[in-house]
Amino acid sequence: MGSPGHGDAAERDIDDLPRNDANYTALTPLWFLERAAVVHPDRAAVVHGPVRYTWAETYRRCRRLASALAQRSVGPGCTVAVIAPNVPALYEAHFGVPMSGAVVNCVNIRLNAETIAFLLDHSVAEVVMVDQEFFTLAEESLKILAEKKKWSFRPPILIVIGDPTCDPKPLQYALGRGAIEYEEFLKTGDPEFAWKPPKDEWQSIALGYTSGTTSSPKGVVLHHRGAYVMALGVAMVWGMPEGAVYLWTLPMFHCNGWCYTWAMAAMCGTNICLRQVSSKAIYSGIVNHGVTHMCAAPVVFNNLINAPASETFLPLPHVVNIMVAGAAPTPSLLAALSVRGFRVTHTYGLSETYGPSTVCAWKPEWDRLPLEERSRLHCRQGVRYGALEGLDVVDPKTMAPVAADGKSYGEIVMRGNAVMKGYLKNPKANAEAFAGGWYHSGDLGVKHPDGYIEVKDRMKDIIISGGENISSLEVEKALYAHPAVLEASVVARADEQWGESPCAFVTLKEGADSSDEAAVAGDIMRFCRERMPGYWVPKSVVFGPLPKTATGKIKKHELRTKAKELGPVKKSRM
């Protein structure tokens, strides 16, 4: 008889001891808040301008929120939508909403009313919490929904979040429209509310929608277990110490702030809220609040290193740990950050994997390498987090792993506790995403001989020119190395000779001579030709600002549309 495996009804063990209430509890990150309130009751938990809450106060406020929701029959099976920038109420919602048993849905504040109406309808939001600045956006969304649903429309409980750092007029308008003020709503709740953890750790804790650039956005459902293991995992992979001071440059609505909403409670740290991100605000946070950690997409850090001297505070008063993800950083960006005193951790992931779930784990021997070589190794996406059990690069048709040679392309796939439950009410998308027992990222990558993976492109972004694959990311790396280039993005453009050829969209640095765009474009093409195969060189260069999402990702679908409008390249020189 063979040894028991996964196919057996029950695996053998040395005993038949059962689970009981003393030795088994469903995992949930909500306990981190309770512990922080006991261990460091008087330590600052959340700071926003003149507002400062300790961990004891934050725990009481979150219990008030849970209690107030429960009193209104909002609990298991319900969704609470929050439309807000990085303010204390959004942080509190990550605990208070699931403490009531409900699911928190943090909505991207850059979305239009039509899209938000779709999300509120699809998720059947029972409650909408909205920051005063975005109240009219929520109001318009609900109006669209009411017109669509007609007699079947049930208006949600509408709560407006006031902000003492903002003009009070929008708040007064919202109150005049019948919204409940957030602080008044909290007063109806019990600060000693006896919340209950989920009975099953598979219970949903959060819902987040993908950006949905070409179709209706998909609702990513996350569970308590995943949020728990990732909250600890993201702290561990960063070496985050107890009491860290974290600056919210990353929107909390983006993958629940990459799980740092819950991780900061686990580490009993201090959250510094940032309503609007700017280079000056970031440097001020470092100097005035002693910020030790922050996360963002490369575009935020690119702006940071290119900020005018009047907005910077260099040298830094202490080492600042920054985590970059959301798009592949270029070697030149990583090098520039390092020389300014920022300690960079490069990670990669998706909404479907609770945010970043791989890390370019630093190796001590890399310290002895020249800066350029270090940065080249550092820009790879790396290895799996401890909380992610499986990571590979495979042939998407056969699911066979590609050779670890740094050249063979395949799709990056993941499996484990850091993968979502699935897409809400979307069985077709789930079947595709989980085909073959792995989550399919849709990203093309390679695996290097040392086991580190590297993203080469989104599968839909690869450029095929004359039958050859061109990685838009590789071309972008070269463009960012050009001294006049601030930002760059490369997409395919129709080409009469080669089928497709690279088209570069470029934003020049402030002070760069742009009087003769043709000459600058020619210089950029020459620069690229010295650094890459001839067929990789952009055959067209378009100048101007690049469209971006709320999290700083460049909207390539809009650039593809612009490239299509340009028409095909008539003659391509190689």
Side-chain angles (χ1 to χ4, degrees), residues 108 110-112 115 209-218 220 251 254-255 296-303 324-330 333 348-352 355-356 379 381 409 411-412 440-445 454-465 468-482 485-495 498-508 521 524 528 532 536-569:
N108 185 333
R110 301 267 180 90
L111 297 176
N112 59 29
T115 306
Y209 284 84
T210 58
S211 44
T213 54
T214 55
S215 59
S216 294
K218 297 191 287 283
V220 175
H254 185 50
C255 308
V299 65
V300 173
F301 294 129
N302 196 43
N303 290 337
V324 59
T330 61
L333 172 62
Y348 154 79
L350 307 97
S351 301
E352 292 86 344
C379 74
Q381 282 63 36
Y409 277 38
E411 184 181 13
I412 296 170
H440 292 254
S441 71
D443 284 333
L444 277 178
E454 182 175 5
V455 173
K456 288 297 183 181
D457 227 328
R458 287 293 290 169
M459 290 172 79
K460 63 188 178 187
D461 291 340
I462 202 78
I463 301 165
I464 303 172
S465 185
E468 298 282 354
N469 288 347
I470 302 173
S471 164
S472 65
L473 298 183
E474 293 295 328
V475 181
E476 287 162 10
K477 284 179 188 177
L479 289 168
Y480 271 101
H482 189 284
V485 173
L486 175 66
E487 294 175 337
S489 186
V490 174
V491 299
R493 179 181 173 187
D495 189 299
W498 304 106
E500 291 179 345
S501 62
C503 176
F505 288 85
V506 170
T507 304
L508 296 175
I524 287 173
C528 289
M532 61 179 66
W536 285 25
V537 177
K539 307 298 185 286
S540 42
V541 181
V542 181
F543 296 98
L546 304 183
K548 300 186 189 77
T549 67
T551 53
K553 284 187 181 179
I554 293 166
K555 295 181 178 178
K556 281 204 169 184
H557 66 286
E558 291 189 12
L559 297 181
R560 279 193 288 269
T561 301
K562 287 185 180 180
K564 192 173 182 179
E565 290 168 354
L566 292 172
V569 176

Once ring pair (Phe, Tyr, Trp, His ring centres under 6.0 Å) is applied, do any residues pair with H440, and if so which ones, sequence neighbours excluded? none
Does E500 use its side chain to pair, donor to acceptor, with the backbone of A492 at less than 3.5 Å? no
For I470 and S465, which heavy atoms make the closest approach, and how far apart are they? CD1-CB, 3.6 Å
Can you find a heavy atom in the side chain of M532 that is under 4.5 Å from one in the side chain of E474? no
A side-chain contact here means heavy atoms from C-beta on lying under 4.5 Å apart; do S441 and L350 qualify? yes
Those residues that, when tested against T330, pass side-chain hydrogen bond (donor to acceptor under 3.5 Å, both in side chains) (two or more places apart): S332
Straight-line distance of K562 NZ to H557 NE2, nearest 0.5 Å: 11.0 Å
Note: E558 and P547 closest approach over all heavy atoms is OE1-CB, 3.2 Å
Heavy-atom nearest pair, L546 first then V506, reads CD2-N, 4.3 Å
Evaluate L486 against L508 for side chain to side chain contact (heavy atoms under 4.5 Å, CB included), listing each step before the verdict. CA-CA 5 Å; L486 175 66; L508 296 175; over 6 Å; no
Using side-chain heavy atoms (C-beta onward) and a distance below 4.5 Å, is F543 in contact with T507? no
Counting only N and O atoms by type, is there a donor-acceptor contact under 3.5 Å from the side chain of D495 to the main-chain atoms of P568? no
May I ask you to test the Y209-V220 pair for a side-chain heavy-atom distance under 4.5 Å? no
Are side-chain heavy atoms of V490 and F505 found at a separation under 4.5 Å? no
Are H482 and C528 side-chain neighbours, meaning at least one heavy-atom pair lies under 4.5 Å? no
Do E487 and Y480 have side chains that approach each other closer than 4.5 Å (heavy atoms only, starting at C-beta)? yes
Which heavy-atom pair separates V541 from A521 by the least distance, and what is that distance? CB-CB, 3.9 Å
Please walk me through it: do N108 and T115 pass side chain to side chain contact (heavy atoms under 4.5 Å, CB included)? CA-CA 10 Å; N108 185 333; T115 306; over 6 Å; no
Looking just at side-chain N and O atoms, do R493 and S540 make a donor-acceptor pair shorter than 3.5 Å? yes
Heavy atoms of T210 and P217 approach each other most closely as O-CB, 3.1 Å
For E476, enumerate each residue passing the salt bridge (Lys or Arg N to Asp or Glu O under 4.0 Å) test, keeping only those at least two apart in sequence or located in another chain. K556
When rounded to the nearest 0.5 angstrom, what is the spacing between CD in E352 and SG in C255? 8.0 Å
Less than 4.5 Å apart, any side-chain heavy atom of V491 and any of I463? no
Report the distance from atom CD of E565 to atom CZ of R560, rounding to the nearest 0.5 Å. 13.5 Å
CA sep, side-chain torsions, deciding dist, call: L444, I462, side chain to side chain contact (heavy atoms under 4.5 Å, CB included): CA-CA 8 Å; L444 277 178; I462 202 78; 3.9 Å; yes
Is it the case that D461 and S472 place a side-chain donor and acceptor less than 3.5 Å from each other? no
Does any donor atom in the side chain of D457 or Y409 lie under 3.5 Å from an acceptor atom in the other side chain? no
Which atom of C379 lies closest to which atom of E454, heavy atoms considered: SG-OE2, 4.5 Å
Should Y348 and I412 be marked as a side chain to side chain contact (heavy atoms under 4.5 Å, CB included) after you check the CA-CA gap, both sets of side-chain angles, and the distance that decides it? CA-CA 11 Å; Y348 154 79; I412 296 170; 4.0 Å; yes
